[in-house]
There are 2 protein chains.
Amino acid sequence: MEVRTIDTRERILDAAERLFMAHGYEGTSMRQITGEACVNLAAVNYHFGSKESLMQEVFRRRLDWLNEERMRVLDQLEAEAAGQPVKPSAIVDAFFGTLLRMAGDEKRGGMTFLRLLGRTLTEPSEFIRAFLAHEYKAVMDRYKEALFLALPEVPKAEIVWRFHFMLGATSYAIAGTDALRLVTDWQIEADDSTDRLDRLVPRLMSFLLGGLRAPLPQF
Amino acid sequence: MEVRTIDTRERILDAAERLFMAHGYEGTSMRQITGEACVNLAAVNYHFGSKESLMQEVFRRRLDWLNEERMRVLDQLEAEAAGQPVKPSAIVDAFFGTLLRMAGDEKRGGMTFLRLLGRTLTEPSEFIRAFLAHEYKAVMDRYKEALFLALPEVPKAEIVWRFHFMLGATSYAIAGTDALRLVTDWQIEADDSTDRLDRLVPRLMSFLLGGLRAPLPQF
DNA sequence: TCGTAATTCATACGTTCGTTTTAATCATAG
DNA sequence: CTATGATTAAAACGAACGTATGAATTACGA
């Protein structure tokens, strides 16, 4: 007489991922999570130790793959370039394209995780920012270095800023169909999120590359 | 024997603004706010009615001016153009430049409010998003319309998306010196935030315009 | 100076939070 | 089947939350 088919741990992670995405870390209670996952309240602390550890596990489950994939793609690009600098557009696609295409992969978290990630980069909680910064550091350094080589005539500080701007644009793009309601009233496209995603990727890529290659500001 | 020099209401609003910026809405308690403001716990409910109303007042105090200023600048641009469409770069500067220059104006909230605003656009709390959407609607519609006229050859849906991307990039740019630590380790510039802001504005403007005018994606 | 309204104060209320505890139930190797 | 370790269950913990209350204090026009 058990409804449980998949593992308790996994059900908790799925529920937490969805709820953190919808209501934020502080806005989601353990009782909501365990309620949605149809597990006992104590199960979270049994399996993960604490709410903070649960949050970290929610991210690690997805970020491990993303980080490896980003490294792998950049490795391949640099191998193909054979000593030549990699094209900026290829680097941008390797970083942001890989992220966006993750949204189409349901078993890697799909849109839900992507929106959670987008939201979390501006999350107020200190421990979350610290955790993400640590989790991301190696990949960030690799991509920064690649962009420095790809754009030797652009000052490094400028590249870092523009990388930051690109992160912000991307974060917004994925974080919010809701946030988009600030800008528009009409339903932008079909409701099917896969279709929306297919058109978002080239749109965002055009924008990011336009920004990255914009004329340098004169101070 | 009173230390109080400025109004209680104002002190509460200042403390709330700073704390909401630093820890988010849900991460900030009434006791933190009244503690930092050196007022009694009950003062918030006496003067504002509730925590939600306080949050709204924190925003209204700043947004009223920002909205009017944005309208005023666009009015002036359109008057000067005398029937001709306004240049996209002028529209972008009127919208985002006005916002960024607000950060240099300490009596309008300065950097603190700007960072709060940047964070809040991705805030999970439903009532905050709803409130901001309502507060912003009229201005957003005006600027969207202006961009449609300024870029007649670009599909409207594309403009809306790019407006959204620009919002994201700007939000990040102002929300986080902290978030920037994801991208870089070195102190970017001088610590003086006014100086940092002076160089941020042209940098961000270049990026935004580069993105806005990027070649259209082909589907 | 007095009286009234506005404000500040200390305190407490009822909830909800994350976590802990102890017992019951399950799976499974010997 | 039984013993043992892993998991789930029900209940309660103390702490912190937003809010409400009623008395004390302040401000200030009459």
Side-chain angles (χ1 to χ4, degrees), chain A residues 1-59 61 116 120 123-128 130-131, chain B residues 1-59 61 116 120 123-128 130-131:
Chain A
M1 209 43 201
E2 272 287 359
V3 252
R4 170 162 44 87
T5 55
I6 51 172
D7 194 46
T8 298
R9 266 185 69 100
E10 215 69 19
R11 283 229 308 297
I12 293 175
L13 287 171
D14 289 342
E17 184 173 73
R18 211 194 60 76
L19 287 167
F20 286 152
M21 177 272 283
H23 310 117
Y25 176 75
E26 318 229 34
T28 303
S29 72
M30 304 280 264
R31 285 163 180 83
Q32 284 179 269
I33 296 171
T34 53
E36 174 137 331
C38 297
V39 302
N40 188 269
L41 170 61
V44 170
N45 285 282
Y46 175 77
H47 284 283
F48 300 96
S50 68
K51 191 184 177 186
E52 285 202 7
S53 300
L54 169 62
M55 180 66 154
Q56 294 186 6
E57 194 52 36
V58 166
F59 277 99
R61 176 170 74 142
L116 170 61
T120 307
E123 187 81 20
S125 297
E126 187 56 39
F127 91 95
I128 300 180
F131 169 75
Chain B
M1 210 41 199
E2 273 287 358
V3 250
R4 168 162 47 89
T5 52
I6 51 173
D7 193 45
T8 298
R9 267 184 68 100
E10 216 69 19
R11 282 227 310 295
I12 293 175
L13 287 172
D14 288 342
E17 185 173 72
R18 211 194 59 75
L19 287 167
F20 286 152
M21 178 271 284
H23 309 117
Y25 176 75
E26 319 228 36
T28 303
S29 73
M30 303 282 263
R31 285 164 179 84
Q32 284 178 269
I33 296 171
T34 53
E36 175 139 331
C38 297
V39 302
N40 189 269
L41 170 61
V44 170
N45 284 284
Y46 175 78
H47 283 283
F48 300 96
S50 70
K51 191 185 178 187
E52 284 202 8
S53 301
L54 168 62
M55 179 66 155
Q56 296 186 7
E57 194 52 37
V58 165
F59 276 98
R61 176 170 74 142
L116 171 61
T120 307
E123 186 81 20
S125 297
E126 187 56 40
F127 90 95
I128 299 180
F131 170 75

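Predicted model only: the values in this text are computed from it and were never measured. Residue numbering restarts at 1 for every chain, and letters A, B, ... go by the order of the sequence lines.
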**Item:** Rounded distance (Å) that lies between atom C1' of dT7(C) and atom CZ of Arg9(B)
**Value:** 13 Å
**Fill in**
Value for CG (Asp14(A)) from CG (Leu19(A)), rounded to nearest 0.5 Å, stands at 11.0 Å
**Request:** Using five base pairs at each end, measure the axis-to-axis angle across the helix from dT4(C)-dA27(D) to dG30(C)-dC1(D) and round it to 10 degrees.
**Result:** 10°
**Asked** Between dT7(D) atom C1' and Glu10(A) atom CD, what is the distance in whole Å?
**Response** 17 Å
**Between dT8(C) (C1') and Arg11(B) (CZ): distance, integer Å** = 12 Å
**Message:** Can you build the contact string for nucleotides 11-23 of chain C? Use B for base contact, S for sugar-phosphate-only contact, and - for no protein heavy atom under 4.0 Å.
**Reply:** -B----BBBBB--
**Request:** For Phe48(B) and dA6(C), give me the distance from atom CZ to atom C1', rounded to whole Å.
**Result:** 15 Å
**Minimum heavy-atom distance between Ala16(B) and Val58(B), given as atom pair plus value** = CB-CG2, 3.9 Å
**Close side-chain approach of Met55(B) to Phe48(B), heavy-atom, < 4.5 Å** = no
**Prompt:** What integer distance in Å separates His47(A):NE2 from dT7(D):C1'?
**Reply:** 6 Å
**Asked** So Leu41(B) and Met30(B), side chain to side chain contact (heavy atoms under 4.5 Å, CB included) or not? Walk me through it.
**Response** CA-CA 7 Å; Leu41(B) 170 61; Met30(B) 303 282 263; 3.9 Å; yes
**Prompt:** Do Leu54(A) and Asn45(A) pass the side chain to side chain contact (heavy atoms under 4.5 Å, CB included) test, and can you show the C-alpha distance, the side-chain angles, and the key distance before you say yes or no?
**Reply:** CA-CA 9 Å; Leu54(A) 169 62; Asn45(A) 285 282; over 6 Å; no
**Phe20(B) side, atom CZ; Thr120(B) side, atom OG1 - distance, nearest 0.5 Å** = 9.5 Å
**Item:** Min side-chain heavy-atom separation Glu52(B)-Phe131(B) under 4.5 Å
**Value:** no
**Asked** About how many Å separate CZ of Arg18(B) and NE2 of His23(B), when rounded to the nearest 0.5 Å?
**Response** 7.0 Å
**Asked** At under 4.0 Å, does any side-chain N or O of Thr8(B) touch on OP1 or OP2 of dT8(C)?
**Response** yes
